[in-house]
Every structure is written in C-alpha cells, then in structure tokens.
Amino acid sequence: MSGSVCLDVINQSWSPMFDLINVFEVFLPQLLAYPNPSDPLNGEAAALMLRDPEKYKAKIREYVDKYAREVDMDEKEDEEDEEVDDDAGE
C-alpha cells in the first residue's frame with residue numbers, strides 16, 4: 001500500500017475551483033462509499049469485492065473496528081501524550 005489516493009480530481013482534473021473542503025467533504029467520501037474495483041489502488045481488496053461482496057463488506061467492518069474507531073484514536077493520543085511526557089522527564 002502506498003497511501004496514494006485514486007481520485008481523478010486530485011490526480012488529473014485539479015483546478016483552482018476545488019478547495020480542500022470539497023476534497024474532504026465531497027470527493028473522498030464518494031470514493032469511500034463507491035469504490036471502483038476496475039481501477040484499484042488495492043488489487044487484493046478489489047478482487048475480493050468482485051469475487052465475494054459479502055466477504056468484502058465483512059473485511060471493511062473488521063478494518064473499521066480495528067483501525068478507525070474514535071475510542072482507539074483517543075487512546076492513541078493518550079499514549080502519545082504519555083510518551084512526550086516521558087521524553088521530557090529524561
């Protein structure tokens with residue numbers, strides 16, 4: 001995984017009429033809601049989406065539970081704050 005975004009408006013069609021609000025509030029949610037398996041960034045996910053949509057949805061739920069829960073983000077921030085405090089005390 002490269003962290004790249006397969007989004008035409010960012011990669012090819014960018015113009016000054018688009019601002020970051022459009023990207024974050026319109027384009028990225030659309031990309032996440034309607035992935036295009038015929039032009040994938042993640043070939044394995046695209047193949048699963050085409051081959052077994054129910055397994056694909058289950059994998060998405062698994063990844064959301066594992067990586068994208070607000071509680072996890074709060075805990076991670078607390079851990080990072082503790083690390084900063086520990087580094088400052090040395």
Side-chain angles (χ1 to χ4, degrees):
M1 302 284 290
S2 68
S4 298
V5 176
C6 290
L7 190 58
D8 181 56
V9 77
I10 292 174
N11 291 327
Q12 298 169 5
S13 304
W14 187 260
S15 81
M17 72 179 216
F18 300 121
D19 57 17
L20 289 178
I21 297 295
N22 292 113
V23 172
F24 288 110
E25 290 186 353
V26 178
F27 299 122
L28 289 177
Q30 287 293 317
L31 180 66
L32 293 171
Y34 306 103
N36 180 0
S38 64
D39 183 23
L41 177 62
N42 181 336
E44 184 178 340
L48 184 60
M49 181 183 185
L50 293 170
R51 184 178 64 249
D52 192 338
E54 291 306 311
K55 273 189 180 176
Y56 174 78
K57 290 176 187 175
K59 181 61 82 171
I60 289 171
R61 284 189 291 277
E62 174 189 333
Y63 274 46
V64 167
D65 288 341
K66 189 172 183 179
Y67 299 110
R69 291 287 180 200
E70 188 172 344
V71 172
D72 294 336
M73 295 303 295
D74 292 340
E75 289 173 6
K76 186 170 181 122
E77 287 174 2
D78 291 343
E79 289 173 8
E80 290 172 355
D81 290 344
E82 288 174 10
E83 289 175 10
V84 169
D85 291 342
D86 290 343
D87 291 342
E90 292 179 1

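A quick note: this is a predicted structure, and the numbers were derived from the prediction, not measured.
Both Leu48 and Val64 are assigned to one and the same hydrophobic cluster, defined by single-linkage of ILVMFWY side chains at heavy-atom distances under 4.5 Å. Clustering ILVMFWY residues whenever any of their side-chain heavy atoms sit less than 4.5 angstrom apart, transitively, puts Phe24 in the very cluster that holds Val26.
Listed here is the closest heavy atom pair of Pro35 and Tyr56: CG-OH, 3.5 Å. The two residues Ala46 and Pro40 make their nearest non-hydrogen contact at CB-CB, 3.4 Å.
When the shell of 6.0 Å around CD of Glu62 is examined, it contains more than 12 heavy atoms from other residues, nucleotides or ligands.
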